[in-house]
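The structure under discussion appears below in the form of structure tokens.
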Protein chains: 2
Amino acid sequence: MNLVCAQCPVRDSAACSVLEEKERDALSTVGRTRVLKRGEMLFAAGDDEAACATLVSGAMKIAAVDRDGNEQILSLVHPSGFIGEMFTPFAHHDVVALTESRLCVFSRKDMERAIEDYPALARALLRRSQEDLHAARSMIELTAHGSAEARLAALLYDFARAASDSPCHPAGEFDLPLSRGEIANMLGLTIETVSRKLGELEDVGAIRRKGKRGIEIIDPAHLLALSGKDEN
Amino acid sequence: MNLVCAQCPVRDSAACSVLEEKERDALSTVGRTRVLKRGEMLFAAGDDEAACATLVSGAMKIAAVDRDGNEQILSLVHPSGFIGEMFTPFAHHDVVALTESRLCVFSRKDMERAIEDYPALARALLRRSQEDLHAARSMIELTAHGSAEARLAALLYDFARAASDSPCHPAGEFDLPLSRGEIANMLGLTIETVSRKLGELEDVGAIRRKGKRGIEIIDPAHLLALSGKDEN
DNA sequence: CGCATCTTTGATAGGAGTCAATATTTGTGG
DNA sequence: CCACAAATATTGACTCCTATCAAAGATGCG
């Protein structure tokens, strides 16, 4: 087996995990790994040579840039996530590393060929795309109705789950992958409101702040209740 | 060729348009057409026998229901749009007809088989899914930052374009497919705010209201400017 | 150690929500 | 075809949440 793939941490969870070993080797020869430092851009809105990629480790954000130059975070990408618009002539969004990130990058052309050669890959990407769609709609649901407190509680709960090993139970403690400004941006709030509401969540005993980025979940049920969500 | 398909208005634009004639005929034998009246539900959140469908004519809404029973419209579906979560055990959202709608419905099992048998279909659905994802993210961008006025202007502009024959120019006049309550719900506003802002858009000379549902676009550029968007 | 960046905290104001009343449209049955 | 009831939409007064403006504390990096 290809060396890179052999020790890939997402080899069993990424889209390419549905391929036969031979197929994956073939695909890996046209892909290349790339490492981005925090803040570095994989590609920008408007790029016409934007590629596709699977995130191997780290975290990325997908953000739109409006005509005033303000960015709006649309989605976070976690390891094994797939990035890339395969059917548009150019990228609509910026894709930026939140932490040092390792990616497996493919040109759009190679990716197009791959999904024709390997139908299972197309189906895997379809599944992933529908999951992303569901996540985006959950975000809509959250931001449409929902106070600042509810949005923040939901985001914290999501992060806690993402940080946990067990799939459904939230981690007891984790580091925020985003700055206050990024959190505010993602939730459609201001930095000040995020800061205040974090303080209130701490006062109420739902969380405890550990330094600037550290969060300890004291009362997950309370957090979930505040978020206004049932489960997912 | 199959009779139903032969006179299908979306036969050249729906996902199944990528199939060979023979393949499409085969698929059409396992699908069935269904007609829903305004307000009727295709399936509901939680249904485990939820199916997949292509919208042939009419308009549908996809809506989440929170634990208080309030609905949140997440997306509208227009003719040739595809509906259905193929990889989840049960439906997450309600799917309801906004106007009398005709659909081509497939059981999930048949659909799963179809995307295995016809790789081109899987690719077509992938493309559609990515388009839906992009639409959902545009919605996020709109609702996150953006005043009530901007959201409403953007929605009206979108509707005007959807109502137009030519792909890019907005229609000069059209009927709103949604009630005030549905518009409010979709934009994360209240009925009263929608009503007021519609009045202001009229005062400003951007639109003219014709009865409850009719809208005439007086000044498309102004509307676009208020929406805070560049183009799409 | 000092500067730059990020975060917290405070005071104020504005936009949208809420509550309430009125007007309009729609649909149904007489 | 009209009349009445129910649903939908508009308008007004008031309140509350969050944005904005401003300043002071942390935190981190060179």
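None of the values given here were measured: they were computed from a predicted structure. The chains referred to below are lettered A, B, ... by the order of the sequence lines, with proteins before strands, and numbering in each begins at 1.
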For this session: Walk me through it: do R38(B) and E100(B) pass the test salt bridge (charged side-chain N to carboxylate O under 4.0 Å, His left out)?
Result: CA-CA 5 Å; R38(B) 172 176 173 79; E100(B) 172 153 324; over 6 Å; no

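Heavy-atom minimum distance, Y157(A) versus L223(A): N-CD2, 4.2 Å. What you find for D94(A) and A45(A) is that their closest heavy atoms are OD1-N, 2.7 Å.
Of the residues in residues 146-154 of chain A, those lying under 4.0 Å from DNA chain D by heavy-atom distance are S147(A), A148(A).
In this structure, CG in L201(A) is found 6.5 Å from CG in L156(A), a value given to the nearest 0.5 Å. Rounding to the nearest 0.5 angstrom, the gap separating the CD1 atom in I62(B) from the CD1 atom in I73(B) is 11.0 Å.
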Pull out every protein N or O sitting under 3.5 Å from an N or O of nucleotides 3-10 of chain C, one pair per line with the distance.
unit_1	atom_1	unit_2	atom_2	d
dT7(C)	OP1	R180(A)	N	3.3
dT7(C)	OP2	R180(A)	N	3.2
dT8(C)	OP1	R180(A)	NH2	3.1
dT8(C)	OP1	R209(A)	NH1	2.7
dT8(C)	OP2	R180(A)	NE	2.7
dT8(C)	OP2	S195(A)	OG	2.8
dT8(C)	O5'	S195(A)	OG	3.0
dG10(C)	N7	R196(A)	NH1	2.9
dG10(C)	O6	R196(A)	NH2	3.4

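As a whole-Å value, the separation of E202(B) CD from dA9(D) P is 15 Å. Atom CG of L187(B) is separated from atom C1' of dG17(C) by 15 Å (rounded to the nearest Å). For the pair H145(B) NE2 and dG15(C) C1', the interatomic distance rounds to 16 Å; values are reported in whole Å.
Just one of E200(A), E216(A), E202(A) meets the salt bridge (Lys or Arg N to Asp or Glu O under 4.0 Å) condition when paired with R209(A); it is E202(A).
Defined by atom type and a distance below 3.5 Å, a donor-acceptor pair is present between the side-chain atoms of H145(A) and Q72(B).
When the nucleotides dT20(D), dT18(D), dA16(C) are ranked by their closest atom to the side chain of T190(A), dT20(D) comes out on top.
Here the side chain of E182(B) pairs a donor or acceptor atom with the backbone of S179(B) at under 3.5 angstrom.
Each end of the helix from dC1(C)-dG30(D) to dG30(C)-dC1(D) gets its own axis, taken as the rotation carrying the C1' atoms of four end pairs onto the next four within a five-pair window, and the two axes meet at 50° to the nearest 10 degrees.
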